[in-house]
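Worksheet: one structure, shown below.
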Amino acid sequence: MGRGKIVIRRIDNSTSRQVTFSKRRNGLLKKAEELSILCDAEVGLVIFSSTGRLYEFSNTNMKAVIDRYTNAKEELLDGNATSEIKIWQREAASLRQQLHNLQESHKQLMCEELSGLGVSDLQGLENRLEISLRSIRMRKGSLIHQENIELSRSLNLMSQQKLELYNKACEQRGSTDLNESSSIPYSFRIMHNANTHPNLELSQSKQKGECSKTNVPELGFHPYGGGMVRDYGR
């Protein structure tokens, strides 16, 4: 019957913890020794217990193993730093090349330094310019169309406001004219003519404004008949 799976976590019982430490420490030291013998490896093992006690194993010399480890670690760090520097140098060189290409392309679009271009290069430049002009025209047309829509909207709003003000003014004038007509319906005036006798004319008072006009018949005395006649022709 096989052993059950052990959960890897801290052992709470101090006695059990110490027993487990002793067993696994001895097993680890034994494995390190077997590794050095079987594989001809330089092995250095350092263990500190929970109480601070030191246990170590080395198949050669522990100080030599530690020195070798320190030197190898420094070389590894230096190598990583050098590799990172080289990566950034390549990135900077790539960005400089891209900047140079963009500057050359800009000069060509501005029709500068075209002497070194061949027929195919000039055709490609011409196509790029046509595409750019087409895009600019489309953008310009879109902006003009939007501006026209905004202007039309503003004009319609102004026309509506003007019409509302006009209707309101006509209503106010109509009310005023009605009051004046009810208070002073008619007025008399004497009409002079060099060839005829003066006529006495009865007419409605003139109203100011153009919102409403009423044709009111004028009354006058006929110079020959002696009576009052009503004139509908005016």
Side-chain angles (χ1 to χ4, degrees), residues 1-136 138-139 142-143:
M1 185 174 181
R3 298 174 57 186
K5 186 177 180 180
I6 300 176
V7 180
I8 304 300
R9 64 180 181 182
R10 182 178 181 274
I11 300 174
D12 296 331
N13 187 277
S14 59
T15 304
S16 299
R17 185 169 60 246
Q18 184 63 34
V19 172
T20 302
F21 174 76
S22 299
K23 290 181 178 180
R24 290 183 177 268
R25 179 199 64 202
N26 294 332
L28 184 59
L29 293 173
K30 183 179 180 181
K31 290 293 184 181
E33 182 179 5
E34 292 175 355
L35 179 63
S36 63
I37 295 172
L38 294 173
C39 301
D40 195 17
E42 188 174 1
V43 180
L45 177 63
V46 178
I47 302 174
F48 288 96
S49 67
S50 59
T51 59
R53 187 172 180 180
L54 172 62
Y55 301 90
E56 64 177 18
F57 167 80
S58 175
N59 61 334
T60 55
N61 184 295
M62 180 58 71
K63 186 177 183 305
V65 174
I66 294 175
D67 292 339
R68 184 176 179 180
Y69 166 78
T70 304
N71 295 331
K73 188 67 175 179
E74 291 177 355
E75 291 177 0
L76 181 62
L77 293 175
D78 293 339
N80 291 337
T82 303
S83 300
E84 187 175 359
I85 290 173
K86 290 181 179 180
I87 292 173
W88 286 111
Q89 287 176 349
R90 288 195 297 268
E91 185 69 19
S94 177
L95 291 175
R96 281 195 297 268
Q97 184 63 35
Q98 292 179 13
L99 177 61
H100 176 73
N101 295 337
L102 289 175
Q103 290 175 348
E104 292 294 329
S105 178
H106 177 72
K107 290 179 181 179
Q108 293 174 2
L109 290 175
M110 298 299 294
C111 299
E112 300 177 359
E113 299 183 3
L114 302 179
S115 59
L117 299 179
V119 177
S120 60
D121 296 332
L122 292 174
Q123 289 178 349
L125 179 60
E126 184 179 3
N127 293 333
R128 290 167 58 191
L129 290 173
E130 289 179 355
I131 294 173
S132 299
L133 287 174
R134 191 179 302 113
S135 177
I136 291 171
M138 291 178 62
R139 178 61 178 170
S142 177
L143 291 176

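Below, all heavy atoms of this structure are taken into account, side chains as well, without hydrogens, waters or symmetry copies.
- Within 6.0 Å of CG in Asp40 there are 12 or fewer heavy atoms belonging to other residues, nucleotides or ligands.
- By the 4.5 Å heavy-atom criterion applied to side chains, Arg128 and Ser105 are counted as neighbours.
- Note that CG of Asn71 is 12.5 Å distant from CG of Leu76, once rounded to the nearest 0.5 Å.
- With 3.5 Å as the limit, one finds no donor-acceptor pair spanning the side chains of Ser49 and Arg25.
- In terms of modelled atom types and a separation under 3.5 Å, the side chain of Ser142 and the main chain of Met138 share no donor-acceptor contact.
- Rounding to the nearest 0.5 angstrom, the gap separating the CD1 atom in Ile47 from the CZ atom in Arg53 is 12.0 Å.
- Between Thr20 atom OG1 and Arg10 atom CZ the span is 12.0 Å, to the nearest 0.5 Å.
- Within 6.0 Å of the CZ atom in Arg17, the count of heavy atoms belonging to other residues, nucleotides or ligands exceeds 12.
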Check step by step if side-chain contact (heavy atoms from CB on, under 4.5 Å) holds for Val65 and Glu42.
CA-CA 7 Å; Val65 174; Glu42 188 174 1; 3.4 Å; yes
Before you tell me yes or no, could you show the steps for Ser22 and Gln18 under side-chain contact (heavy atoms from CB on, under 4.5 Å), namely the whole-Å CA-CA distance, both residues' side-chain angles and the distance that decides it to 0.1 Å?
CA-CA 6 Å; Ser22 299; Gln18 184 63 34; 3.9 Å; yes
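- A 6.0 Å sphere centred on OH of Tyr55 holds more than 12 heavy atoms belonging to other residues, nucleotides or ligands.
- With rounding to the nearest 0.5 Å, the separation of OG1 in Thr51 from CZ in Phe21 is 7.5 Å.
- Contact annotation: the side chain of Asn59 never approaches that of Glu33 to less than 4.5 Å [non-hydrogen atoms, C-beta and beyond].
- One finds the CG atom of Leu125 at 10.5 Å from the CD atom of Glu130 (value rounded to the nearest 0.5 Å).
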Identify each donor-acceptor pair in which a side-chain atom of residues 85-102 lies under 3.5 Å from a protein atom, sequence neighbours left out, and give them as a table.
unit_1, atom_1, unit_2, atom_2, d
Gln97, NE2, Asn101, OD1, 3.2
Asn101, ND2, Gln97, O, 3.2

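- Taken from CD1 in Ile136 to CD1 in Ile131, the straight-line distance is 12.0 Å, to the nearest 0.5 Å.
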